[in-house]
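Worth knowing before you read on, the calculation uses all heavy atoms, side chains too, and leaves out hydrogens, waters and symmetry mates.
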Amino acid sequence: MEPRTAPSPVASADAAPSPRAEAAAAAWHAKPAAVVLAALETSPDGLTDAEARRLLAQNGPNELASKPPKTLGAMVREQLGDPMVLILVVAAVLSALLREWAEAGIIFAIVVVNAVIGIVQERKAQSSLEALRSLSAPTARVVRGGAEEILPARELVVGDLVMLDDGSMVPADLRLLDTASLRVQEASLTGESVPSEKDADAEVAPGAPLGDRSTMAFATSIVTGGRGRGVVTATGMGTEVGQIAGLLEDDEELDTPLKRKLASFGKLLTIVGVAAALAVVAIGLAYGRPFVPLLLLAVSLAISVIPESLPATATIVMALGVQRMARHQALVRRLPAVETLGGATVICTDKTGTLTENRMSVVRVALGPDLERGTAQEPAAALAAHPALFGDLAFVAALCNDASFAEGEAAPGAAGSGEAEGERGPADGGRPPAADGAAAADAVIGDPTEGALLVMARDIGVEPAALRASYPRLAERPFDSDRKRMATLHERDGQVVAAVKGALDGLLPRCAFVMDDDGPRPITDDDRAHALEAAARLSDEALRVLAFATRALPAVPGDEEDIERELVLVGLVGMMDPPRPDVRAAVDTCRTAGVRTVMITGDHAATARAIGEELDIYRPGDLVVTGEELEEMDDAALDDAVRRASVFARVSPYHKLRIVRALKHDGEVTAMTGDGVNDAPALKAADIGVAMGITGTDVAKDAADMVLLDDRFTTIVYAVREGRRVHRNIQKVVQFLVADNLAEIVVLLAAVALNWNAPLTAVMILWVNLATATLPALALGVEPSSRHIMEHPPLRAGTLLEGRQARRVVFQGLFVAAFALLAFVIGREAGGDAVGRTMAFGVLAFSQVLRAVNQRSDTDPVWDREGGRNPQLAWAVAASTALMLVVLLVPPVREAFGGAAMDAWQWATVLGLAFLSLVQTEAAKAIGRWRARRGQATAGLRG
């Protein structure tokens, strides 16, 4: 027998599909059940055990393919492949060959420490595919050979018949054969918060979106109500979840902006270092100097090119940012994500569970006079205007309901003697108590829509559990997709009362009365028109509308009797998955910060647009693009659409991936938030993926770079702020370190060009780069953020330094180099090369320490920092100064460094020249502030 499975999305393109594989690739949701059974060579009695064993051996188990973890050797190779690290390795090898053991040992130690930090961080990440595998249902009810049995889900094969009931997880992709009020929660795949109603006999178009395939049930989705039976059409990697796994596996691991910037910066330094070293050797040989000393000088120059503490310092700065973010409920899984989020220009966010609360809630109610006007009110207003009518509505909503609260429900005196159908008041015999705010939202077992009705009843003081105890269910007419109604029967004051709910278009023709404040009265054509008008208005607001009615009966009717007639229309409710109350402010803050918010959801366009308008994500002139429209777009059209669209609706996982890639292709630094399985590929492809920690699936969490532990969109605002702080601080560290490295390069090149002896030894260079730079650099890395950091656009530079910052680094480096060369000349004239080296060394080191103080801001003077105090910097400056004094004042240490003692005049010269570097920087800041004020004044005059 040929394989009965759809071809894997990651299968080789060269493999020729078999006829059965081609059949399996068909649109099963659009074919009649009988055709599907015939194509899969199975029957209503299921496969035989022998057939199943053969297919299992042939096609493999019903599980997702796992990706082999990266080996330790591969991690080491990645760490050593960085250009800056390669320069250090070459310098260390040359130092060892020339028997400069101290330099070689220090450089090797730096390389090892950086590699260990990177490897440890990478080993913490878990595989996305492992999380996908953990979602698989452990067991399944299967019919084989006409007998039902429980089997491990991994043993399912295409053609098996699977039974579904309330609460079960769908173990594989199924073409449904029979359904009875079957509802399936598919939010993790489609993004829809409302469970999908399934109908095995529905007609579905071949190209229907995933969320509209009502004849299918997909692996990992959950049955929230009803029963069903289906035939397996795909297992393992052939399922919809498996295709997502294929997208995760195929999508290459993309570099973050920080990685790209560091790599670009490293390549630049490599070019500078190689060119400078060759220039040193060439110039020295032209002067007739011996080769070995020139090689030693070239090694020193290579060392001076690299800011050795930069990789480790950047890592530590990001790690400290991670700790601060963890205290604010943002868990970072990969360190570069901190800096990346700070540079984000677009946040692509899922709707369900991210912008919204991921629970249905009643937001509009139409009762009595509201129905007569064709309008609806918020629940609190409706309760205040019509308390008795609201009590009647809660009575029907709580009883004609199969959901329940997960926790015990203590009834606050809800049991009582109730009224006859024609009387007024809630179930406890009186008017409902005034609502004092929404009751605590309990976890709901069952359909989310019915759960929202329970919460509505509890919010006005009607306890569902107590009400049901007082009025037990005598019989029911379950909901089905043909009637679009559900009815339950209860005894109330000696009468049998029918509680009915359903879609208005199916319920209104069966209503003979309408309830108003004075009781039921005959319904008129105007009443019907106004009710339909109210429902239309609610639908225009992207709300799900339900109608409620009652009827008094003399006795419990028979099973065949039609009880859903001559009903009394009580009212309408409009429900939605409401936006989180604090999201709009977060979106506005992001917009002020120059970060665009784009909603990408699997929900319907009308619903997505309504939520987008309410949260100010969608504005007039923006585009709303659906998955069908996106499917027709080529890459160029999509590139244009992503610039103008603020809402993408009814999209598939692959669509989300295309959107993220299009944004990145347009030059955006893209953050993607989400919580479902369907979000995982886009989370992984984005510059930074942000998953929800509470409602998020394991797949989303493991594909993401950051997890919001509180599921609050507002936490992203803090994360962006913290990311910007880290980004700015890393820039400060780079400016601080590179300026001194540039000064070292200029000093050495100038000395060679002038045919001088080396003004610095390799050990001196390492000491300046490590001992006097690392601690201040770390302190700059924890610099408080500016109060206005969220009022500026995100950094979009392709390198670590912007043009203005790069110019500042160059000027600082040249000034310090000039002062160090001057100190070398003065010292050499006074006491020889050793004194000159010591004075140049002192100027470089003390200039670096002093520059750490004014590096806190590129614009503010050193005495006026708007971001706050940084006591760590004071301690770092003191420690670095102490380390320099040890080298300059302790004779054995000084001699080991190749230095000499200085007299008081020489000390004064060193400190004076070092202080001039601080003066130069503050003067440059003052000129910059003057130019900025002048530019603002000119702009004001022109305006």
Minimum heavy-atom separation for [X] to [Y], with atom names?
X      : Y      : value
Pro578 : Arg359 : CD-O, 3.1 Å
Leu742 : Val810 : CD2-CA, 3.6 Å
Leu873 : Ala852 : CD2-O, 3.6 Å
Val625 : Ala645 : CG2-CB, 4.0 Å
Lys732 : Leu780 : O-CD1, 4.3 Å

Task: Pairing of Arg324 and Glu722 as salt bridge, 4.0 angstrom limit - done: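 Counted as a salt bridge, because a side-chain N and a carboxylate O are separated by less than 4.0 Å.
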
Task: Passing option when Lys351 is tested against Thr601, Asp603, Thr356 for side chain to side chain donor-acceptor pair (under 3.5 Å) - done: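 Testing each of Thr601, Asp603, Thr356 against Lys351, the sole residue satisfying side chain to side chain donor-acceptor pair (under 3.5 Å) is Asp603.
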
Open item on the list: Would you compute the distance between atom CZ of Arg596 and atom CZ of Arg643 and round it to the nearest 0.5 angstrom?
Closed with: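 If I round to the nearest 0.5 Å, the distance is 10.0 Å.
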
- [ ] Indicate whether the side chain of Thr715 and that of Gln329 have a donor and an acceptor atom separated by less than 3.5 Å.
- [x]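 No, no side-chain donor-acceptor pair sits under 3.5 Å.
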
Task: Donor on one side chain, acceptor on other, Asn870 and Glu783, under 3.5 Å - done: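 Side-chain D/A pair, Asn870 to Glu783: present.
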
Open item on the list: Which residue is it: Asp622, Leu355, Ile611? I am looking for the one with a side-chain contact (heavy atoms from CB on, under 4.5 Å) to Ile617.
Closed with: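 Looking at Asp622, Leu355, Ile611, the match for Ile617 under the side-chain contact (heavy atoms from CB on, under 4.5 Å) is Leu355.
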
Open item on the list: Once ring-ring contact (aromatic ring centres under 6.0 Å, His included) is applied, do any residues pair with Tyr618, and if so which ones, sequence neighbours excluded?
Closed with: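 Result, ring-ring contact (aromatic ring centres under 6.0 Å, His included) vs Tyr618: none returned.
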
